[in-house]
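Working notes, structure below.
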There are 2 protein chains.
Amino acid sequence: MGNINLKELALALNLSTATVSRALRDSHEISPETKKKVLELAKQLNYEPNPAASNLRSHKTKTIAVIIPEVTNNFFSQAINGIEEIARRHDYHVLIYQTHENSDLEMAFMRRLLSGRVDGILISVASETNNDQNFKDIINQLPVVFFDRVNEDIDAVKVTTDDYESTYNATCHLIEGGCKKIAYLMALNNLSTGKKRFAGYCAALNDNGIIKNDALVVNDANNEDENYALIKKLLIDKKPDGIITSIENLALPFYYVCKDLNLNIPRDIKIISFSNLKTAPLLNPSLSTITQPAFEMGKEAAGILFKILNKKYFEPNETLVLKSTIIKRESTGF
Amino acid sequence: MGNINLKELALALNLSTATVSRALRDSHEISPETKKKVLELAKQLNYEPNPAASNLRSHKTKTIAVIIPEVTNNFFSQAINGIEEIARRHDYHVLIYQTHENSDLEMAFMRRLLSGRVDGILISVASETNNDQNFKDIINQLPVVFFDRVNEDIDAVKVTTDDYESTYNATCHLIEGGCKKIAYLMALNNLSTGKKRFAGYCAALNDNGIIKNDALVVNDANNEDENYALIKKLLIDKKPDGIITSIENLALPFYYVCKDLNLNIPRDIKIISFSNLKTAPLLNPSLSTITQPAFEMGKEAAGILFKILNKKYFEPNETLVLKSTIIKRESTGF
DNA sequence: CTGTTAGCGCTTTCAA
DNA sequence: TTGAAAGCGCTAACAG
């Protein structure tokens, strides 16, 4: 705003704007004394370069966009934390866009970003359906790194977690604990994330000689009340002795149902849930968790994006897979 | 990026860039037919105006900044959710900056934003100390709305919650429940938020004829292990029968201490905590909570900022106070 | 209602 | 090592 500009700075120093501009960006073709003079006055006068002008000329925005389903999801807020940390380290600014799982909105965000508002995009997609060509169009015009919820059919740089393995291990954990009828609360089934988790569950059952029963698999209705009803029906009708929730949000209605039905966890039914909630250990009575390294994912994804922006990323488009942590809890709470 | 620009669009339509520019922004001085033609071709060619050029000329960025202590704090992520919703409604972009409670960093962010990167700022401050003049400088140059953690000594638009009243009521709740020795886990004591909460606690004790005992007041050490140790010492040495935690983060170490000391909640000690955690009702065995309307605060604060930006805010600099919700839980969990 | 023109504040040739 | 000059893509006077 009411700030000083390059021209005024140059005038005050008896230099050309070109020289001042170069000095400010520490160009090697400027003498040390000149640089020093410029830097000093700039600091003294609180000079801040106008980003619009700089961007218009140089096509660099010093800004990246983060597109995610929800900020209020623990996983994503932790990822943003990691992204912001790396961005700040590079002196970059971070724009946030929430899709609320709406892929039309997601595509609208991306299209608008093509106007040159950002240097690159970090995205955790809302859906993998019907968008391939759109995504490809974008990727051709702007560096994009996918994280967590990636689009399998697109050749791009991706950072994910070991969805298959972690769910496989989680299922084995329940089987080892004696569970014979393990229910699965399924979500994100239009995404590879969700598919892989489910595949891990299926494979673990199979490898342990348990025949999968589709009646034990319940789909997320994206609605708390409905989920509550679905889970209640499941617990009453099928009486599972173990349950896996493939997203954090599904653990809540499950707990309420148990409370209502007077089911004791873990005596009557054991649970293991995906969760990035720090207070999860306090959930009653014993919640085993699969925790994704959200913060690290944010950092890794952002790190790769900056490597691309600095032309220092020479790998082929690859998927970096980070390990989730499974925490097994057996206590009966307080 | 490789996008089409105004000039090309104008050329293709046999119009001047000025006309096209006006048509695109729905100016009243353009004929309907021309507008229609322009809009159609623009859509067809996927034209996206270059924000840098537009900003450079018009001094409008269509961007606001949100400066907060931590994204991973439930309260703030919910506030961001509200802010983003309003911003999108106005076709604005949202930049996120985390201060991690560091007020130097906070000031550095604000200074950099003066370069014209944003049209306005929403901030929840890291500290109220030693920054008054700096804040005043910023406010003179850019519209700023403070929310939740506001700087009392600055004349600006603010949105807060009823910190005093809610803590007062929370304390009364414990007293009504029979508590005689109510401890207070204090945080944010360099902020009016923290001070008001503490004042509410003190006033409630006083109004109920209880003499405040400073030994029952413990200060947040900003460190999980240390807080654990402090709280443990408090519970062993002073044996309080009730406790109020003035921020969500302090409830966790408290729970761990109770578990370690084999203290039964609420039989041995009752608790009421500030918390914006959705799963709080599942915390064992009975956590009464003070929940701030974070989402609504984000919406309100952003709404006011947009009114200011659209020159539709004519109130004097006022503080809008939103009501928190106190949820009293008495059950012994599952 | 439409066009002409100037210029926002930078960066980047090109020339010195 | 520095300067002069052009121009990024748009908007805003001003003129017609």
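In what follows, chains are A, B, ... by sequence order, proteins preceding strands, each numbered from 1.
The residues Asp26(A) and Lys35(A) are annotated as salt-bridged, a charged nitrogen and a carboxylate oxygen being separated by less than 4.0 angstrom. Using a 4.0 Å cut-off between charged side-chain N and carboxylate O, Arg89(A) and Glu85(A) make a salt bridge.
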Self-check item: B/S/- contact track for nucleotides 8-16 of chain D, protein heavy atom under 4.0 Å
Solution: BBBBBB---
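You'll find the side chain of Val38(B) stays beyond 4.5 Å of the side chain of Tyr47(B), heavy atoms only. Residues His93(B) and Pro51(B) form no side-chain contact, since every pair of their non-hydrogen atoms from C-beta on lies 4.5 Å or further apart. Looking at Lys36(A) and Glu40(A), their side chains come closer than 4.5 Å, going by heavy atoms from C-beta outward.
Using cut-offs of 30° and 60° for the angle between ring planes, the Tyr97(A) and Phe109(A) rings count as tilted.
Judged by distance alone, the side chains of Thr61(A) and Asp119(A) do bring a donor and an acceptor atom under 3.5 Å apart. For Asp137(A) and Gln141(A), the side-chain atoms include no donor-acceptor pair closer than 3.5 Å.
As rounded to whole Å, 10 Å separates atom C1' of dG3(D) from atom CD1 of Ile30(A). Rounded to an integer number of Å, the gap from CG of Leu13(A) to C1' of dG3(D) is 15 Å. Residue Asn14(A) contributes atom CG, which lies 13 Å from atom C1' of dT2(D) at whole-angstrom precision.
Here chain A contacts DNA chain C (any atom closer than 4.0 Å to a heavy atom, that is under 4.0 Å), and the contacts span dG9(C) to dT13(C) from 5' to 3'.
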